[in-house]
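One structure is given below, encoded as structure tokens.
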Amino acid sequence: SFCACAGCELIAGQVYGFGLFSDLLRLHHGLALSQASVGLVAVCENLGQYARIAGGLVYDNFGGKITLRVGLLLNGVGYLGILCAVRAATGSGSEDGEAWKAPLVLLCACSAMYGQGAGWMETAAVSTVVTKFPEEAIGLLKTFFGVASAVGAVSFAALFAPSREDLLLALGLCPFVLGFPLSAVVFVGHTDDVEDADASESSPWHAAYTITLALVLALVAHSGLASMTTWLRPYEDHRPRNVAVFSVVLGLLLSLPVLPLCFTKKRDEPAQKQLPSPETTNDCTFVEAISGIRFWFLFLALAAGEGAGLLVLNNMGQLVRALDQGDPSLQPACVSAFSVSNAVGRLCMGQLAAGGVLRKTQLLAGALAASSLVYSCFSAGTGQWSLLVAMPFLGFGYGSMWSLQPLLASQLFGKRSFGLKYSTLSMAAVAGSTPLCQLAVPYYYEAHANADGWCIGPECFGGSLRCASLGCGLGAILALCLDHSANQGLWRQDITETWDDEDDEDSSFSGAPKLGA
């Protein structure tokens with residue numbers, strides 16, 4: 001069941017690969033969208049993906065299977081709609097040779113549709129794992145969503161390059177060919193055993209982390225070779241090598257479902273009971289959660305960090321061209337580098353959060369502060385090396401926040417109506433990215449663009465990246481306020497429980513009162 005959820009996360013996470021085909025919307029003469037229009041299409045994708053409250057409601061009331069299947073349908077139809085618009089824009093097959101120009105509103109609707117489908121799938125998968133599996137599984141699951149576009153980049157290099165239209169066709173068919181069979185086995189079987197399973201070395205969770213780490217390393221190797229050498233590029237001229245890397249990635253993914261068969265839980269051994277998290281406050285309703293200031297502190301802090309990450313993802317194609325003297329060849333490598341480091345951030349932050357060394361609110365503040373510094377340095381960078389150095393750090397910080405989000409939601413506000421709480425917090429990403437992508441990016445990009453609408457040079461995105469840096473800094477301050485508020489509330493709760501325990505002890509026997517526990 002967990003492996004099926006992970007497979008659905010891989011399908012849903014392809015929304016991070018918008019930079020792999022966004023150039024099609026500008027290069028085809030039948031579309032020839034401006035940078036602002038491409039940004040609007042990307043924002044609609046983000047709006048569809050993160051405005052998933054309807055998906056949370058459906059999950060809480062009807063369960064995960066229905067939520068997953070509706071999401072798969074929306075996802076596939078949306079990608080195929082974009083493909084039809086792109087192919088129609090070439091004018092092929094028309095009698096007069098003129099291309100049919102798809103209305104911008106249609107492109108926005110299709111991008112919102114496949115984004116909404118991805119949001120529904122992610123809500124169903126994450127909510128199920130949070131409520132039915134141990135905490136260690138959450139960071140592992142979020143890793144697959146983060147690494148999805150890197151897997152997509154490897155697939156493009158091995159199977160579809162140089163045709164980005166073929167990649168779009170594969171993205172549209174994948175939910176139907178792979179997603180629906182996976183949805184049939186999600187939530188099948190008994191979950192009581194996995195709820196009580198520990199994360200020791202004898203459990204499949206340890207092996208799953210090992211395999212996932214090997215997968216990430218394989219993707220890192222592919223990204224590095226594609227970025228720094230010509231051993232894999234041009235992809236179409238080195239297809240056998242890219243196919244070999246793709247085979248390794250596919251083999252690692254297919255080995256995950258075998259793990260439960262290799263580990264059997266001993267029934268005569270008592271299950272190791274997981275201690276409650278020290279950050280847990282109360283299992284409140286959705287209305288109680290959004291009525292408190294802590295929810296909005298968390299929302300705004302996440303909006304700052306996730307919005308900055310989406311600025312980079314949505315404009316990856318134009319960002320690479322701007323910093324690499326108009327050459328787009330590094331786009332797949334940069335998408336892959338961001339995606340891989342995004343996955344590493346999710347995996348590592350999930351482990352750190354489960355370890356309990358630092359409070360999760362402190363981890364969030366640290367991730368935002370570090371991201372602010374990286375965006376500030378990146379805004380002053382020039383050339384392709386600034387891209388190759390910055391992408392891993394930007395992706396790591398972005399992934400860290402997505403790994404912390406479900407953990408903070410469940411521990412600060414409880415698991416009751418979790419689908420609705422999680423889907424509402426997910427809107428923080430689009431709330432943070434919309435001002436950056438619709439105001440900051442077009443303003444600075446078009447101010448330095450040439451007569452054809454293209455911009456080359458570090459000044460194209462320098463101002464936008466500085467805005468992202470400022471936002472992450474403010475988000476770090478909000479995260480510290482959230483940490484202080486949650487810690488103060490926990491202190492009061494501990495004091496109250498201590499007094500109640502002392503009252504119970506005093507009522508059971510007479511004697512001198514005990515002072516200060």
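In what follows, residues are counted from 1 in the order of the sequence shown.
Residues Ser371 and Leu394 have side chains not in contact (no heavy-atom distance under 4.5 Å, counting atoms from C-beta outward). Side-chain contact between Val129 and Phe2 is present, with at least one heavy-atom pair separated by less than 4.5 Å. Put simply, the side chain of Phe413 does not reach to within 4.5 Å of the side chain of Leu408, judged on heavy atoms. Here the side chains of Cys472 and Tyr375 are in contact, with some heavy-atom distance below 4.5 Å. A heavy-atom distance below 4.5 Å is found between the side chains of Arg346 and Phe145. Ser464 has its side chain out of reach of Leu436: every pair of non-hydrogen atoms, C-beta onward, lies at least 4.5 Å apart. Between Leu256 and Leu215, every side-chain heavy-atom pair lies at or beyond the 4.5 Å cut-off. In this structure, the side chains of Tyr398 and Leu313 come closer than 4.5 Å at one or more pairs of heavy atoms.
Note that CZ of Phe297 and CG of Leu412 are 12.5 Å apart. Values are rounded to the nearest 0.5 Å. For the atom pair CE (Met391) and CG (Leu388), the distance works out to 8.5 Å, reported to the nearest 0.5 Å. Taken from CG in Leu225 to NE2 in His238, the straight-line distance is 11.5 Å, to the nearest 0.5 Å. In this structure, OG1 on Thr361 lies 10.0 Å from CD on Gln411, to the nearest 0.5 angstrom. We find the CH2-CD distance between Trp402 and Glu306 to be 4.0 Å, quoted to the nearest 0.5 Å. Separating the CG atom in Leu310 from the OG1 atom in Thr434 is a distance of 9.0 Å, to the nearest 0.5 Å.
Not counting sequence neighbours, the partners of Tyr422 by the ring-ring contact (aromatic ring centres under 6.0 Å, His included) test are Phe418. Partners of Glu45 under the salt bridge (Lys or Arg N to Asp or Glu O under 4.0 Å) rule, at least two apart in sequence or in another chain, do not exist in this structure. Residues meeting the side-chain hydrogen bond (donor to acceptor under 3.5 Å, both in side chains) test with Ser163, sequence neighbours left out: Asp166. Under the rule for a ring-ring contact (aromatic ring centres under 6.0 Å, His included), Phe160 has no partner lying at least two apart in sequence or in another chain.
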Give the table of side-chain donor-acceptor pairs shorter than 3.5 Å for residues 147-155, with sequence neighbours excluded, one pair per line with atom names and distance.
{"unit_1": "Ser149", "atom_1": "OG", "unit_2": "Ser339", "atom_2": "OG", "d": "2.9"}
{"unit_1": "Ser155", "atom_1": "OG", "unit_2": "Val151", "atom_2": "O", "d": "2.9"}

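Ring orientation note: the planes of Phe18 and Phe21 are nearly perpendicular, at an angle over 60° on the 30°/60° scale. Between His222 and Tyr235, the angle of the ring planes stays under 30°, which puts this pair in the parallel group of the 30/60° scheme.
Listed for the Asn315 side chain is a donor-acceptor partner under 3.5 Å among the backbone atoms of Leu311. No donor-acceptor pair under 3.5 Å is formed between the side chain of Tyr59 and the backbone N or O of Ile66. No donor-acceptor distance shorter than 3.5 angstrom exists from the side chain of Ser403 to the backbone of Ser400, with no hydrogens or angles considered. For the pair Gln49 (side chain) and Gly115 (backbone), a donor-acceptor distance under 3.5 Å is absent. Thr131 contributes a side-chain N or O that, together with a main-chain N or O of Thr128, makes up a donor-acceptor pair within less than 3.5 Å. Remark: the backbone N or O of Arg233 is not paired with any side-chain donor or acceptor of Asp237 at under 3.5 angstrom. At least one donor-acceptor pair closer than 3.5 Å links the side chain of Gln14 to the backbone N or O of Leu10. For the pair Asn242 (side chain) and Leu232 (backbone), a donor-acceptor distance under 3.5 Å is present. Formation of a donor-acceptor pair under 3.5 Å by the Arg321 side chain with backbone atoms of Met316 is not found in this model. Side chain of Ser417 to main chain of Thr285: no donor-acceptor pair is present (N/O by atom type, distance under 3.5 Å, no hydrogens or angles).
For Leu74 against Gly117, the heavy-atom pair with the smallest separation is CB-CA, 3.8 Å. Across every non-hydrogen atom of Val130 and Lys415, the tightest pair is O-NZ, 3.3 Å. Nearest heavy atom pair, residue Val243 against residue Ala158, reads CG2-O, 3.6 Å. Here the shortest heavy-atom pairing between Gln405 and Ser426 reads NE2-OG, 3.3 Å. The two atoms that bring Ala353 and Leu404 nearest to each other are CB-CD2, 4.1 Å, heavy atoms only.
Between Lys142 and Glu122, at least one side-chain N (NZ, or NE/NH1/NH2) sits under 4.0 Å from a carboxylate O, which counts as a salt bridge.
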Check: Can you check side-chain contact (heavy atoms from CB on, under 4.5 Å) on Ser183 and Leu72, steps first, answer last?
Finding: CA-CA 9 Å; Ser183 69; Leu72 288 164; 4.2 Å; yes

Note to self: Does Thr143 form a side-chain hydrogen bond (donor to acceptor under 3.5 Å, both in side chains) with Glu9? I'd like the steps, not just the answer.
What the structure shows: CA-CA 9 Å; Thr143 301; Glu9 286 281 274; over 6 Å; no

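Around the CZ atom of Phe180, the shell of radius 6.0 Å holds more than 12 heavy atoms that belong to other residues, nucleotides or ligands.
Side-chain contact, Ser433 with Gln438: no donor N or O sits under 3.5 Å from an acceptor N or O.
The one candidate from Val70, Leu171, Ile11, Leu80 that meets the side chain to side chain contact (heavy atoms under 4.5 Å, CB included) condition with Asn75 is Ile11.
Within the structure, ring-ring contact (aromatic ring centres under 6.0 Å, His included) pairs that include any residue of residues 107-129 comprise Tyr79-Tyr114 (at least two apart or interchain).
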